[in-house]
There are 2 protein chains.
Amino acid sequence: MTPPLHLSLAGQTVDVLRELVLTGEIPPGERVNEVELAHRLGISRGPLREAIRHLSSEGLLVLVPNKGAHVPKADADEVRALFELRSALECAAAELAASRRTDGDVERLREVCAESRNTHRTGARFPYRLDLAFHQALLDAARSPRIAEQVRLVQQRVVLLRAGLKDDPPHQQASLDDHDALVAAIAAGDTHQANRAMRRHLSRVRAQMLTSLDSA
Amino acid sequence: MTPPLHLSLAGQTVDVLRELVLTGEIPPGERVNEVELAHRLGISRGPLREAIRHLSSEGLLVLVPNKGAHVPKADADEVRALFELRSALECAAAELAASRRTDGDVERLREVCAESRNTHRTGARFPYRLDLAFHQALLDAARSPRIAEQVRLVQQRVVLLRAGLKDDPPHQQASLDDHDALVAAIAAGDTHQANRAMRRHLSRVRAQMLTSLDSA
DNA sequence: CTCATGTTAACTGTCGACAGTTGGCAGTAC
DNA sequence: GTACTGCCAACTGTCGACAGTTAACATGAG
């Protein structure tokens, strides 16, 4: 579950290729040419193929027999399906966090919320980074590595979807309030409220993505 | 999401190897020798490696750098972590099923329950097959392919765990009652009850597995 | 002009061989 | 007898080349 040391070429290539996809350097719909990319990365096709297969299992690439791999395109149904899964996982994580959190966890969550509010107060759109930090802090509090891993994979796909949007919608007041409500429920150890709060939050984010997907 | 036609050797090998693992033909803890297995399957190492990597992403194999792959061993913590994930997914599926089910779905669920009860009434341990059929019918009713896919992966790991148990505990009266309660909640469209019923059911199954893991 | 068909180039799927690493074993110093 | 050291075999990681398939283009019949 922890591959911090990537010695093998294939392992390194997974990270490199993942970055190429998430940054949009390989845009959605684009097909991946094995020989060209392998040459470009200075490696052989073997390790590259393994990396492609790996990212395909993460949902960042789609494999078509005899036609190679391509980056999946954003799609309304896809957003809905993805958020169903995300909601299932993160609502459960919120419940677990509410029942397992320590004082340190709550402190960390409040910290992230405060930083978000400060950034928002200055008028700046608070960066996506802080949103990810909040959800990460919540996952840490849930202490369920397996769920955390799955959430990471889903969030990755969400990042890919966001990259495909014309106007990257800022997280607004509503999201900040959602986060605060979540922290309150978690701090109180109220699993039911935590579940509900997360459900509301994700429902809002999903709606936001769907509207900005229509305008695209 | 649907690769029913496996033309490539690698694709076929995934299925073959998966079966070898799930049936226990490659027992937990056993290391997989690439050259030997490739020769045994009559293929080259390339496709076999891809299949190994794929199954590793499904959690059916564990990869160790420069030391190859091996089948993971059953472990209490593993069971707990796995059921946390399973509960997150299947409870959500139960809710969705309760809100989306059609008459046909309910009929199918009742059908499976009836067959299970009949088998149980004859005194025979009702086969695991029927349990899987029930959960499959529930997933069909939920109409969330993404969640269904994840559940499939988790259930696969559960199957692997069961294979490692000395005494494969029969599903008893309690599980049958759980299933009936689930169907009732789903038929009534009661999402909250469906969620609770699934949670209870999985909690029971988990406890069952943990006890029979201790005795192993 | 349209459609069918043969051809060809590009790409994926597969293979066999080489290189690098790991773990065990024997041999030797102490 | 024990611990260290240097070999050795086995296995994984990587590479380059060949085979099979696909899709597009050109060509010719209707």
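Chain letters run A, B, ... following the sequence lines, proteins first and then strands; every chain starts at 1.
A donor-acceptor distance shorter than 3.5 angstrom exists from the side chain of A:Asp105 to the backbone of A:Thr102, with no hydrogens or angles considered. No donor-acceptor pair closer than 3.5 Å links the side chain of A:Ser203 to the backbone N or O of A:Arg199.
Counting non-hydrogen atoms under 4.0 angstrom, B:Gly68 reaches the backbone sugars and phosphates but no base. Within 4.0 Å (heavy atoms only), A:Val64 reaches no atom of the nucleic acid at all.
Nucleotide C:dG20 holds its C1' atom 8 Å from the CG atom of B:Asn66, rounded to whole Å. The separation between B:Glu34 atom CD and C:dT21 atom P is 17 Å, rounded to whole Å.
Chain A approaches DNA chain D within less than 4.0 angstrom (heavy atoms of the protein), and the contacting nucleotides run 5' to 3' from D:dT14 to D:dA23.
Ring orientation note: the planes of B:His135 and B:His201 are close to parallel, at an angle under 30° on the 30°/60° scale.
Nearer the 5' end of DNA chain D, as judged by each residue's closest nucleotide, is the contact made by A:Ala10, out of A:Arg45 and A:Ala10.
The shortest distance between side-chain heavy atoms of A:Leu109 and A:Arg101 does not fall below 4.5 Å. Under the 4.5 Å side-chain criterion, counting only non-hydrogen atoms from C-beta, B:Leu89 is not in contact with B:Arg86.
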### Query
Could you spell out the base pairing of DNA chain D in dot-bracket, with Watson-Crick or G-U pairs whose two distances are under 3.5 Å, [ ] crossing and | to another strand?
||||||||||||||||||||||||||||||

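Contact check on B:Glu149 versus B:Arg152 returns a salt bridge, with a Lys/Arg side-chain nitrogen under 4.0 Å from an Asp/Glu carboxylate oxygen. Under the 4.0 Å criterion applied to side-chain N and carboxylate O atoms, B:Glu78 and B:Lys73 are not assigned as salt-bridge partners.
Annotation: A:Glu107, atom CD; neighbour count of heavy atoms from other residues, nucleotides and ligands within 6.0 Å does not exceed 12.
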